[in-house]
Amino acid sequence: MNWQQRIEAALSERRAADALRTRHPVTQGAGRWLTLGNQRFCNFSSNDYLGLSQHPAVIRAWQLGAERYGVGSGGSGHVSGYTTAHQALETALAGWLGYSRALLFISGFAANQAVIAAMLGKTDRTVADKLSHASLLEAASHSPAQLRRFAHNDVGQLTSLLAKPLDGLQLVVTEGIFSMDGDSAPLGAIADAAQQAQAWLMVDDAHGIGVLGEQGRGSCHSQGVKPELLIVTFGKGFGVSGAAVLCSDSVADYLLQFARHLIYSTSMPPAQAVALSTALEVIRSDEGDRRREKLAALITHFRRSANQHALTLTASSSAIQPLIVGENSRALRLAENLRQRGCWVTAIRPPTVPPGTARLRLTLTAEHQPEDIDRLLEALHDGE
Ligand SMILES: *Cc1c(COP(=O)(O)O)cnc(C)c1O
């Protein structure tokens, strides 16, 4: 088989399984509406949970940041790309979340890859929740350390995997809120299990940060847990993009030596760091509280109404409300029907989720109105 044939075969296989992924060039894709061509859809597929991607103060901060610092950082943070804007954001994040240090990364994907690659050697073991994000599991499977996966949120199985003999060190990996299911991890019990085995805990709170708990401090803070490594990302609740690792002074200094995604990559534009600092101010403010309260009310409204429509929900109390429909073709058909009725939803299929659990991953944001949800549920009802 030559290269061309191999590529064609892989594509045909995806097509045959209704699993081919395609993209749509939208003119607006975050917030309440999604605009595609001259059509406007009510948007139930963005992760902009608080609507900050369109926030005037955040946009203005980015503009002012660009005027002051230019549009690019000019290099890796180890060379000349670490500015006072990056430093100010790191300091604010660390203070907000109660850590000594925060280190910025260009994305959550890069942060997870970098941390796992830098932390684990070949005598070590990663013990990860089976439903952890691709960026975590992929990094762990490329790592020379053993990878053991425990059944979703199963602390008993985690404990027994941690008890298996090992020469090296162990890292427990999980998420605050699971990206495809919307449920949360029992972080207290997981932290206890890790501590008893002298393992460290790494929590990726991509979907909880900004959105949950007092001042939006996220899943760990609201469950009273402080993992050794906390990953927060800025493409979701913050409405921007990028990520940070929260950790101790020595871990931060260690990552500055060994995290290759930091050393060999251009740092985020300083203007983006300025915008993120403003997004963080909004998140911590009364306005942040109002946005979180509105989102919570919409989630309650959605779940109550979905029950009345006899839809099967997952155990999610977050902004991620999946409807698991099973077959890929059914998920695609439903998504298409909903689009025809003016609602934009995404069908999520294997390998992103386990086979036979294709789903509509519905996401709610503080920008929605209750009538948007009513419209969605009616469309779902009619669309079957
Ligand atoms: C979205 C997501 C990431 C990736 O973050 P990016 O900043 O988008 O690269 C990592 N982990 C989880 C759990 C996510 O949902």
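All ligand and atom numbering here is 1-based and tracks the order in the structure.
Nearest non-hydrogen protein atom to atom 7 (O) of ligand 1 is Gly108 N, 2.7 Å. At the top of the distance list for atom 2 (C) of ligand 1, counting protein heavy atoms only, stands Lys236 NZ, 2.4 Å.
Atoms of ligand 1 found under 4.0 Å from any heavy atom of Ser179, numbered from 1 in the order shown, are 15 (O). Atoms of ligand 1 lying under 4.0 Å from any heavy atom of Asp204, numbered from 1 in the order shown and given with element: 10 (C), 11 (N), 12 (C), 13 (C).
Among the atoms of Phe109, some N or O lies under 3.5 angstrom from an N or O of ligand 1. The shortest N or O to N or O distance between Glu175 and ligand 1 is not below 3.5 Å. At least one N or O atom of His207, backbone or side chain, sits closer than 3.5 Å to an N or O atom of ligand 1.
Using the six-membered ring where Trp is involved, His368 and Phe44 have ring planes that are parallel, under 30° apart on the 30 and 60° scheme.
For the pair Val251 and Glu228, the minimum side-chain heavy-atom distance is 4.5 Å or more.
Within the 3.5 Å criterion, the main-chain N or O of Ala331 finds no donor-acceptor partner in the side chain of Arg349. Without hydrogens or angle criteria, Asn328 side chain to Ala17 main chain gives a donor-acceptor distance under 3.5 Å.
Ion pairing of Lys130 with Asp154 is absent here, as no side-chain N (NZ or NE/NH1/NH2) approaches a carboxylate O to less than 4.0 Å. Between Arg375 and Asp372, none of the side-chain N atoms (NZ, or NE/NH1/NH2) sits under 4.0 Å from a carboxylate O, so this pair counts as no salt bridge. A salt bridge between Glu367 and Arg291 is present, with a side-chain N of the basic residue lying under 4.0 Å from a carboxylate O of the acidic one.
Under the 4.0 angstrom criterion for non-hydrogen atoms, Ser135 is in contact with ligand 1.
Under 4.0 Å from ligand 1, heavy atoms of Ser107 appear from its side chain as well as its backbone. Contact annotation: for Asn112 versus ligand 1, heavy atoms closer than 4.0 Å belong to the side chain alone.
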